[in-house]
**Student:** 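For reference, the structure I am asking about is given below.
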Amino acid sequence: MVLRRLLLLLALLAALAVSCKHDATREQRASSQSPVPAPATLIAEGTLRDPDGFWSRLRRGGGRSLARLHDTAAGALLAWAGADPGVAPLVAGEHAFHVVLGDSPDGVAFAIAMKLKDVDGVRGALVDGDTARYRSEDVDGMMRLVPIEGPAPTVTLAVSWAGYLVVASSVADLATLGPYAARTMPTRELPGPAFELRMDPEALGHIGHKAPDLAAKATAAIAATARGLLPPEVDASAVAECFTPGMRDTLATAGDLAEARVNADADDAQLDVVATLVPKPGENGARHRLSAMHPASASALLDAPRDALAALFWSDTAESRADDASTMGPCLGKALAPLLGPGGGAKLTDVLASWAHGRGDWETASFIARPALAGLVVRAPVVDTTAMTTSVRGFVDLASQPALADAVERLLPLRAGAVQTIDVPTVGKASVLMFPSHTPPSRGTPDPPVVTTELAPAGLAWFADAKEADIALGQAPQDLLGLARPAAGFKTMASVGRAVGALGADASFAAVIVPPGCCTAAGPASAPLTFGWGRRAGNG
């Protein structure tokens, strides 16, 4: 009897211990699923509403390059992040993915939470058993997956008790951003667009405060690029610093934004991404900059040559053009003085001022690159023929300056010739300044002959009347100038026409980029990109 009671007591204690353990597990899971506050390093948060559906539409319309990628959103995302795409089948791709971006010493950190089909099944599939590929470590209420074999991955994977697979840029970022992505973001209402990313208002304020430092970094990047293009006697840093005030003032307006969001949708034909910047109420820098815009229809882009690699569009006012010329002209003139020669800086300022005064409220620039024909084609309406003609002739005079001509000759064996009159069938009577090849005198033993492809002669051609000015700079300038009014333009490309039409009359800047191999009869190897910036309903 005593033994029976003792066994019964032990059984009850064991049952109580198991019950307490189960309760503790339930409490642990419950505490690991409740929402958490936003991390202090938060930059932006976003949601992809229907991941597999969105990715499927992109792949169908994206050509061969996307068709070769993983057929699920999770597989493509994990492969992009450098994580194990073999985990992707455990993700429920019909449920929303949640994205959190944060600030870190190494740049922008991230955590992405993807809904799992069975959170308990993950342990059996990946951690438990003889074929387990991972061991688990606890990180802030999440089960971090650490590979048993092989090199350590560049990103971190974890499973949350809230039922999400979390991929983060590092273990530290998993601890700071992961709980917010897996526990807080799923409690938010799903966005209307397929994808929405919202900037944190405090992060916008930080960008505004850091505007001087960010502008300095951008200036250094411009200087590094210019250093490889300009002659050594020109201070590339001085040239780049001419752009610093504009970049600094633009970045500073981020602190005056109440909201910044990015929405994206896709069908089988194209991907549409719209970023919206909403200024704070009242007078501030952001609202002033948006009000100073001159939005217009970018339809002039559709007249760019059909075989252009890229075409740009600007729309502005006479006042803003004059302001830019009065600030940029003297700065660039001073920086380029060694190249422009005595009095060249003042001439450059006058050229820019004349162009600003003579040009109408829009301008396009097209970039051409094909055998024996490469260069730049510029079009603009004319409001003052005299000022426009003065501007072009002033540029020709600068090109003929001895210091500039010598620098050009050092970089390319070219030297400006004389201005001639030519007839361009699609344009009319035009002027051309050729840069015939100049072979330097032989010194010592001649080098062995080198077989090179014959290039068309370079030059500058221009035409201006009371309505429009057309300028071409590059190889075969006469032929380039003829492309200012092409028989077949971007308007023949349905995808570009659709995208430019979507900009409406709201663009102050727009660009179309057509990569090589795009839009051929055999099917696209790549797709055109159309970008626009402007003002709509008072927002950027």
Side-chain angles (χ1 to χ4, degrees), residues 106-108 206-255 285-286 288-289 292-293 309-314 316 320-356 359 363-367 375-376 378 391 394-395 398-399 401 403-412 460 471 473-474 508-511 513 531 533 540:
D106 298 326
V108 177
H206 292 326
I207 294 174
H209 290 310
K210 294 193 295 184
D213 293 336
L214 295 173
K217 291 180 180 178
T219 300
I222 294 174
T225 302
R227 205 166 283 119
L229 300 174
L230 294 171
E233 61 264 33
V234 176
D235 184 355
S237 296
V239 174
E241 286 170 2
C242 294
F243 301 91
T244 303
M247 291 187 294
R248 183 185 59 240
D249 294 345
T250 299
L251 290 167
T253 61
H288 174 74
R289 277 189 168 267
M293 283 185 181
L309 292 178
L312 311 179
F313 166 88
W314 293 268
D316 50 21
S320 65
R321 291 193 298 277
D323 287 344
D324 289 342
S326 65
T327 55
M328 292 292 290
C331 184
L332 288 174
K334 182 179 179 180
L336 297 174
L339 190 64
L340 299 176
K347 289 181 180 179
L348 177 62
T349 301
D350 292 341
V351 166
L352 295 178
S354 295
W355 177 263
R359 170 170 88 74
E363 178 181 354
T364 64
S366 302
F367 300 87
L376 171 70
V378 176
S391 173
F395 182 79
L398 282 175
Q401 287 279 98
L404 182 56
D406 290 344
V408 171
E409 189 175 359
R410 289 200 308 272
L411 296 174
L412 302 168
L460 170 70
I471 301 173
L473 176 64
S508 61
F509 173 78
I513 301 172
F531 171 84
W533 162 249

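Heavy-atom basis, side chains included; hydrogens, waters and symmetry copies ignored.
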**Student:** For the pair I222 and M247, evaluate side-chain contact (heavy atoms from CB on, under 4.5 Å) and give the outcome as yes or no after the intermediate values.
**Tutor:** CA-CA 12 Å; I222 294 174; M247 291 187 294; 3.9 Å; yes
**Student:** To check you understand the geometry: which heavy-atom pair defines the closest contact between A211 and A252, and what is its length?
**Tutor:** CB-N, 3.6 Å
**Student:** Can you name the nearest heavy-atom pair linking A365 to L376, along with the distance?
**Tutor:** CB-CD1, 3.8 Å
**Student:** Measuring from F367:CZ to L312:CG, what's the distance to the nearest 0.5 Å?
**Tutor:**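 One gets 5.0 Å once the value is rounded to the nearest 0.5 Å.
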**Student:** State the CG-OG distance between L352 and S391, to the nearest 0.5 angstrom.
**Tutor:**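 So the CG of L352 and the OG of S391 are separated by 7.5 Å.
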**Student:** Check for a donor-acceptor pair, side chain of S508 on one end and backbone N or O of W533 on the other, with a separation under 3.5 Å.
**Tutor:** yes
**Student:** Do any N or O atoms from the side chain of S320 and from the backbone of D316 form a donor-acceptor pair under 3.5 angstrom?
**Tutor:** no
**Student:** Could you check V378 against W355 for side-chain contact (heavy atoms from CB on, under 4.5 Å), going step by step and ending with a plain yes or no?
**Tutor:** CA-CA 12 Å; V378 176; W355 177 263; 4.3 Å; yes
**Student:** Compare all side-chain heavy atoms of L339 with those of P231 and state whether any distance is below 4.5 angstrom.
**Tutor:**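 The answer is yes; the side chains approach within 4.5 Å.
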**Student:** Can you tell if the side chain of R227 reaches within under 4.5 Å of the side chain of P232, non-hydrogen atoms only?
**Tutor:** no
**Student:** So D249 and R289, side-chain contact (heavy atoms from CB on, under 4.5 Å) or not? Walk me through it.
**Tutor:** CA-CA 10 Å; D249 294 345; R289 277 189 168 267; 3.2 Å; yes
**Student:** Quick check for you: to the nearest 0.5 Å, what is the distance between E363 atom CD and R321 atom CZ?
**Tutor:** 9.0 Å
**Student:** Quick one: pull up CG in L336 and CG in L230 and give me the separation to the nearest 0.5 Å.
**Tutor:** 7.0 Å
**Student:** Give the minimum heavy-atom separation between A223 and A240, together with the two atoms involved.
**Tutor:** N-CB, 3.7 Å
**Student:** Can you tell me how far apart CG (L214) and OG1 (T250) are? Round to the nearest 0.5 Å.
**Tutor:** 12.0 Å
**Student:** So which heavy atom on P338 is nearest to which on A335, and how close?
**Tutor:** CD-O, 3.7 Å
**Student:** Check the pair L332, V239 against side-chain contact (heavy atoms from CB on, under 4.5 Å), reporting the backbone distance first and the verdict last.
**Tutor:** CA-CA 6 Å; L332 288 174; V239 174; 4.1 Å; yes
**Student:** Could you tell me whether R248 and D213 have a side-chain N and a carboxylate O separated by less than 4.0 Å?
**Tutor:**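 Not counted as a salt bridge, because no side-chain N and carboxylate O are separated by less than 4.0 Å.
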**Student:** Are side-chain heavy atoms of I471 and L460 found at a separation under 4.5 Å?
**Tutor:**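 In short, these two side chains touch, coming nearer than 4.5 Å.
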**Student:** Nearest heavy-atom pair of F395 and V351: which atoms, and what distance?
**Tutor:** N-CG2, 3.8 Å
**Student:** Mind checking the OG1-CG spacing from T327 to D323? Nearest 0.5 Å is all I need.
**Tutor:** 7.0 Å
